[in-house]
Amino acid sequence: MRYPASWWRNMWREGLPSGNGIVGASVFGGVQEETVLLNHEGLWHWGRKDPLPDVSMTLAETRRLMDEGHYAEGSWSLANALRERGYGTRLASRFPLAAIKLFMPSTRAFRHYRRTLNMETGEVSVGWTDGSIRYVRRLFVSRADRAIVYEIGSEGCANQEINPEGRKGNGKHIEVQAGTSHCISGEIGLALYPSDRLGDTPEFKELAESVVTSAKGTFIRYAGRNDDGTDFGAVLRLICEGGSLQSTKEGTMLSFVKARRALALVKVFIRGKREQEWEQLERELSDFPENCEYDLLLKRHAELHGPLFHSASLKLNVTSGDVRSNEELLLEAYEGEAPDSLVRKMWAYGRYLFISGTAAESGPFGLYGLWGGDYRLVWCHHMANENIQMMYWHAHVGGLGELVPPLFRYYGSLMDDFRGNARNLYGCRGIYIPAGTTPGIGTPNQIVPVILNWTGAAGWLARHYYEHFLYTGDIRFLREEALPFMREALQFYEDFAVVGEDGTYRLYPSVSPENTPLNFMPEDGRQLAHPMPTTVNATMDIAIMKELLAHLIQANRLVGGPGSEEERWKRMLERIPPYRTNSDGAVGPFFMRSVCTRGHSC
């Protein structure tokens with residue numbers, strides 16, 4: 001890219017990402033004032049989990065209203081029952097752990113700016129020319145050393161004056177002698193990343209007041225307190241070649257002057273006690289030798305990162321390398337057709353984000369990966385009405401099967417909530433998985449019909465369990481993890497499905513996410529946000545139940561399960577109604593009206 005992050009206020013949206021699956025760093029690319037945003041996959045706050053009341057009696061009323069044609073009233077039956085009882089579970093939000101702040105003086109307007117992400121290594125670099133000096137900063141999040149590694153350097157240095165506190169305009173000027181090479185000066189520190197939207201809220205003020213930062217020797221300590229009473233924070237160690245290094249007069253940053261090179265090493269922690277964590281991280285950072293080489297650390301990391309990135313490849317009209325910037329490729333795409341090199345880059349970038357944003361020992365990949373910059377991050381939760389499924393569809397076929405188990409571990413940790421949901425919402429056995437969940441919060445939270453009346457999450461996620469077995473051949477996983485989950489998903493349908501007069505199942509309330517039946521849309525074509533999403537036998541629900549039964553029958557045979565179960569499941573398959581189509585032969589999402597509307601989840 002040829003410019004720094006420049007999105008209005010929320011510049012984190014244009015940062016370049018690096019990550020090791022646990023810790024993420026996002027480089028904004030500023031010249032005189034740089035920000036590197038730091039996140040940890042396990043850092044969440046501001047969730048609220050209310051006891052889920054038993055409102056299962058509403059199912060009969062919902063179905064009665066729908067049978068009588070009062071779909072709008074029936075649609076809100078369950079949601080209104082929860083609201084009337086004051087139920088108010090709220091999902092948690094990921095939030096930034098800290099920001100590396102770097103201030104470097106400028107003597108002239110910068111030229112020849114480049115901000116680059118090397119997806120093969122996970123390295124982000126920022127370079128520009130100031131007069132006769134070429135400055136280069138490089139950063140990656142190490143898989144081998146579990147640290148953020150950040151190098152600041154330059155190429156060539158002529159006679160000039162440098163103001164190390166240039167951002168304030170009142171610092172002392174330092175004369176640099178002609179012939180000095182690789183000279184850099186500046187200040188670096190750790191700080192709470194400022195909030196664009198929540199600076200005046202009590203929760204954010206409490207968080208900000210808990211933050212402390214101190215600089216001493218070659219270390220900077222930083223910590224804040226989460227809403228569960230535990231601390232999160234980081235330690236930065238600065239290694240300089242030549243020049244001088246000291247803490248600033250405020251005692252919160254380190255100042256380096258006329259150094260040939262500066263290497264910042266950062267380690268982070270969550271859910272700890274700050275004093276203990278600071279001491280431990282300082283010991284770990286002290287193990288890096290004074291003369292440690294950035295390139296050597298990068299090589300160690302790339303040896304782990306590279307095989308993940310190269311586990312699959314895409315050949316699309318292979319030609320010589322296209323070195324155009326993102327901006328140039330996009331401008332060509334806006335003319336009517338995306339160049340092949342842009343398509344290849346987007347494919348690679350999706351894989352890069354996935355391997356950088358989740359790890360075998362972490363939680364599942366999130367909608368923002370590890371690079372969100374808000375404190376109540378909208379849609380940062382795990383959304384199972386298409387989003388999390390879509391983010392994992394590519395994993396096995398792309399050779400990234402080792403990154404799939406966190407998905408199962410996460411949903412497995414919430415099974416007690418899911419069983420309570422099925423019982424208290426619908427009076428059913430088995431499990432009901434809300435579309436949105438966050439760690440520790442698996443109860444309903446978005447109390448609107450389009451979300452609450454959709455029952456397909458568990459059955460749809462079951463597909464990932466079975467496909468994991470198909471790719472790995474792990475019969476133990478099939479027997480001990482996949483089959484138990486699939487059985488509980490089916491138990492819900494056994495109790496929820498109603499046999500209609502024609503002998504086939506009626507699944508209702510039923511929802512096709514992002515769709516609304518056409519006969520409930522305004523005749524003038526105005527767009528509405530799910531005015532009445534609830535219906536009978538949405539095609540998605542029929543497809544999910546049908547697939548779940550087929551996979552259960554296959555899995556049961558593979559493990560030598562009881563034949564009596566297979567016979568029962570076959571009888572259930574026979575009761576599943578056929579897909580309905582319109583006059584054009586297109587599959588319709590709804591039993592009540594065979595049309596497919598503007599939504600994309602038909």
Side-chain angles (χ1 to χ4, degrees), residues 55-68 71 74-75 77-78 384-385 418-435 444 449-463 465-466 483-513 515 517 533-556 564-580 587-594 601:
V55 290
S56 58
M57 76 293 295
T58 64
L59 179 59
E61 177 67 5
T62 298
R63 287 174 170 168
R64 182 188 68 78
L65 289 167
M66 295 178 72
D67 288 341
E68 295 173 358
Y71 285 91
S75 181
S77 181
L78 179 57
N385 71 348
F418 300 155
R419 295 177 185 117
N421 296 341
R423 183 173 59 251
N424 292 327
L425 294 180
Y426 291 107
C428 295
R429 297 171 300 152
I431 54 177
Y432 167 94
I433 299 181
V450 68
I451 299 294
L452 197 59
N453 294 343
W454 184 62
T455 60
W460 202 359
L461 286 167
R463 176 191 181 104
Y465 282 78
Y466 190 62
L483 263 171
F485 183 90
M486 295 161 70
R487 281 194 175 100
E488 291 205 62
L490 186 66
Q491 273 186 339
F492 178 86
Y493 286 118
E494 287 182 292
D495 292 352
F496 183 74
V498 177
V499 179
E501 294 179 358
D502 62 355
T504 63
Y505 283 135
R506 286 168 57 86
L507 301 177
Y508 68 124
S510 183
V511 169
S512 179
N515 284 284
T534 308
T535 185
V536 179
N537 283 1
T539 299
M540 170 181 276
D541 283 340
I542 297 300
I544 288 173
M545 185 179 178
K546 191 174 188 178
E547 179 181 72
L548 176 61
L549 281 164
H551 287 170
L552 267 168
I553 291 170
Q554 295 165 12
N556 187 63
S564 57
E565 284 191 318
E566 181 175 329
E567 291 304 315
R568 187 173 80 254
W569 296 336
K570 285 180 178 179
R571 290 193 296 271
M572 292 180 69
L573 265 176
E574 293 170 355
R575 291 189 181 278
I576 292 181
Y579 298 130
R580 291 174 62 89
V587 174
F590 300 104
F591 177 86
M592 62 181 292
R593 184 73 176 264
S594 298
S601 299

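- Atom-to-atom distance recorded for Ile576:CD1 and Asn537:CG is 10.0 Å, nearest 0.5 angstrom.
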Working note: Ile433 + Asn421, criterion side chain to side chain contact (heavy atoms under 4.5 Å, CB included); need CA distance, chi angles, decisive distance, verdict. CA-CA 7 Å; Ile433 299 181; Asn421 296 341; over 6 Å; no

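- Judged by distance alone, the side chain of Ser512 and the main-chain N or O of Met540 form no donor-acceptor pair under 3.5 Å.
- In terms of heavy atoms, Ile542 sits closest to Tyr579 at CG2-CE2, 3.7 Å.
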Pair up each side-chain donor or acceptor in residues 545-555 with any protein partner under 3.5 Å, not counting sequence neighbours, and list the distances.
from, atom 1, to, atom 2, distance (Å)
Glu547, OE2, Arg463, NH1, 2.1
Gln554, OE1, Tyr466, OH, 3.0

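- Heavy atoms only, all atoms of each residue included: Val511 and Trp454 are closest at O-CD1, 3.1 Å.
- Residues Ala538 and Ser510 approach most closely at N-OG, 2.9 Å, considering heavy atoms.
- Looking at Pro434 and Phe418, their side chains come closer than 4.5 Å, going by heavy atoms from C-beta outward.
- Below 30°, between 30° and 60°, or above 60°: for Tyr432 and Tyr426 the angle between ring planes is between 30° and 60°, a tilted geometry.
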Test side chain to side chain contact (heavy atoms under 4.5 Å, CB included) on Val499 and Tyr505 and set out the steps. CA-CA 5 Å; Val499 179; Tyr505 283 135; 3.9 Å; yes

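- Under the 4.5 Å side-chain criterion, counting only non-hydrogen atoms from C-beta, Val536 is in contact with Tyr71.
- Listed for the Asn453 side chain is a donor-acceptor partner under 3.5 Å among the backbone atoms of Ser75.
- Across all their heavy atoms, Ala462 and Met486 have their closest contact at CB-CG, 4.0 Å.
- Residues Ser77 and Leu59 have side chains not in contact (no heavy-atom distance under 4.5 Å, counting atoms from C-beta outward).
- Expressed to the nearest 0.5 Å, how far CD of Glu494 lies from CZ of Arg568 amounts to 4.5 Å.
- Ionic pairing of Glu574 and Lys570 is not present here: no N-O contact between side-chain nitrogen and carboxylate oxygen is shorter than 4.0 angstrom.
- For the residue pair Tyr493 and Thr455, the shortest heavy atom distance occurs at OH-O, 3.9 Å.
- The OG1 atom of Thr58 sits 12.5 Å away from the CZ atom of Arg64 when rounded to the nearest 0.5 Å.
- With sequence neighbours excluded, the residues that form a side chain to side chain donor-acceptor pair (under 3.5 Å) with Arg429 are Asp495.
- Between Leu425 atom CG and Ser56 atom OG the span is 8.5 Å, to the nearest 0.5 Å.
- The structure places CZ of Phe496 at 13.5 Å from CG of Leu490, a figure rounded to the nearest 0.5 Å.
- Distance CG/Leu483 to CD/Glu565: 8.5 Å, rounded to 0.5 Å.
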